[in-house]
There are 2 protein chains.
Amino acid sequence: MLKREAADGVFHALADANRRAVIERLTRGPATVSELAAQLGVTVAATVQHLQVLQDNELVRSEKVGRVRTCQIDPAGLRNAEAWLQRQRTAWEHRLDRLGAVLDDQTEESGS
Amino acid sequence: MLKREAADGVFHALADANRRAVIERLTRGPATVSELAAQLGVTVAATVQHLQVLQDNELVRSEKVGRVRTCQIDPAGLRNAEAWLQRQRTAWEHRLDRLGAVLDDQTEESGS
DNA sequence: AAGACACTTAAGCCACCACTTGACTTTCCA
DNA sequence: TGGAAAGTCAAGTGGTGGCTTAAGTGTCTT
């Protein structure tokens, strides 16, 4: 299950346009820190900080070999966020279904 | 489609625990501003500000009748966020499929 | 060995955000 | 009509976030 803490971190991570850009980039294949920084148009240092947030929330994984760190998507965080959204949407839809049924019953009972 | 701007707003809105609590509450039925404020444990003024953010990003709708404003879920924003997440996840899965196929071909060619 | 390369870490800066208080408007009701 | 209730608006405040520069660490390459 998704604890409140976890949702907090994931959505906070996704709230930044640059971090989402990193995710979009990584869905198309692994990339190094420098490559990501170049694409974002910010410092390597800033990119490292973004990656830290993304990793803390299981949105990105990375491995350092030699002096170069290679990053790739970690689907766990995405799944967590998706699960929360689905829970809300389906809960709302089910409520509407029940509400609809009640209204149908009422109109049947009272006639038009 | 979901523009970058839209994603920015929706995820920012979802990044706050109190705003998510509002959404969770509203999936179980409409509520007034005061009710939401009471549940959150913050001022009515703060709640109004949260509602403003939620409405700007199509996560909540509200209507004022008399002196009381009643709020309910607006599924549009939730769908937007869900769509973005699904796009990333499926893009990543498709890429893995292609990669897997390539690796299979290679192992077939070279034998075990 | 020496310099370039790819990051990493620390410190500081500015903007934004969530929240509060307080004054105000509108609506209800006795 | 007078006052309580429900919400709105504006200003101020403490805290956080994202970015930068600058200095440092480990790793190639020649």
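Note that these values count all heavy atoms, side chains included, but never hydrogens, waters or copies made by symmetry. Chain letters run A, B, ... following the sequence lines, proteins first and then strands; every chain starts at 1.
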Kindly indicate whether the side chain of [X], heavy atoms from C-beta on, has any atom under 4.5 Å from the side chain of [Y].
X: A:W84; Y: B:L14; answer: yes
X: B:Q55; Y: B:V60; answer: yes
X: A:D8; Y: B:R20; answer: yes

Could you state the interatomic distance from CG (A:N57) to CG (A:D74), rounded to the nearest 0.5 Å? 10.5 Å
Nearest 0.5 angstrom please: A:I73 CD1 to B:R95 CZ, how far? 9.0 Å
Mind calculating the distance between [atom1] ([X]) and [atom2] ([N]) to the nearest angstrom?
X: B:Q52; N: C:dC19; atom1: CD; atom2: P; result: 15 Å
X: B:N18; N: C:dC17; atom1: CG; atom2: P; result: 16 Å
X: A:L51; N: D:dC19; atom1: CG; atom2: P; result: 12 Å
X: B:D16; N: D:dG15; atom1: CG; atom2: C1'; result: 14 Å
X: B:E63; N: D:dT8; atom1: CD; atom2: P; result: 13 Å
X: B:H12; N: D:dT16; atom1: NE2; atom2: C1'; result: 12 Å
X: B:L14; N: C:dC17; atom1: CG; atom2: C1'; result: 16 Å
X: B:L36; N: C:dC19; atom1: CG; atom2: P; result: 13 Å

Would you please confirm or rule out a distance under 4.0 Å between OP1 or OP2 of D:dT27 and any side-chain N or O of A:K64?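 Result: no.
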Using a cut-off of under 3.5 Å, enumerate the N/O to N/O pairs linking the protein to nucleotides 23-30 of chain C.
unit_1: C:dT27; atom_1: O2; unit_2: B:R67; atom_2: NH1; d: 3.2

Which residues in residues 41-49 of chain B have a heavy atom closer than 4.0 Å to any atom of DNA chain C? B:V42, B:T43, B:A45, B:A46, B:Q49
Donor-acceptor under 3.5 Å (A:T32 side chain, A:E35 main chain): yes
Please check: side-chain N/O of A:R19 versus main-chain N/O of A:A13, any donor-acceptor pairing under 3.5 Å?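 A pair under 3.5 Å: yes.
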Go through it in stages, so that I can follow the logic: the residues are A:E93 and A:R89, the test is salt bridge (Lys or Arg N to Asp or Glu O under 4.0 Å), and I'd like the CA-CA distance, side-chain angles, deciding distance and then a yes or no. CA-CA 6 Å; A:E93 285 167 355; A:R89 188 174 47 74; 3.1 Å; yes
Walk me through it: do A:V22 and A:L59 pass the test side-chain contact (heavy atoms from CB on, under 4.5 Å)? CA-CA 10 Å; A:V22 167; A:L59 288 159; over 6 Å; no
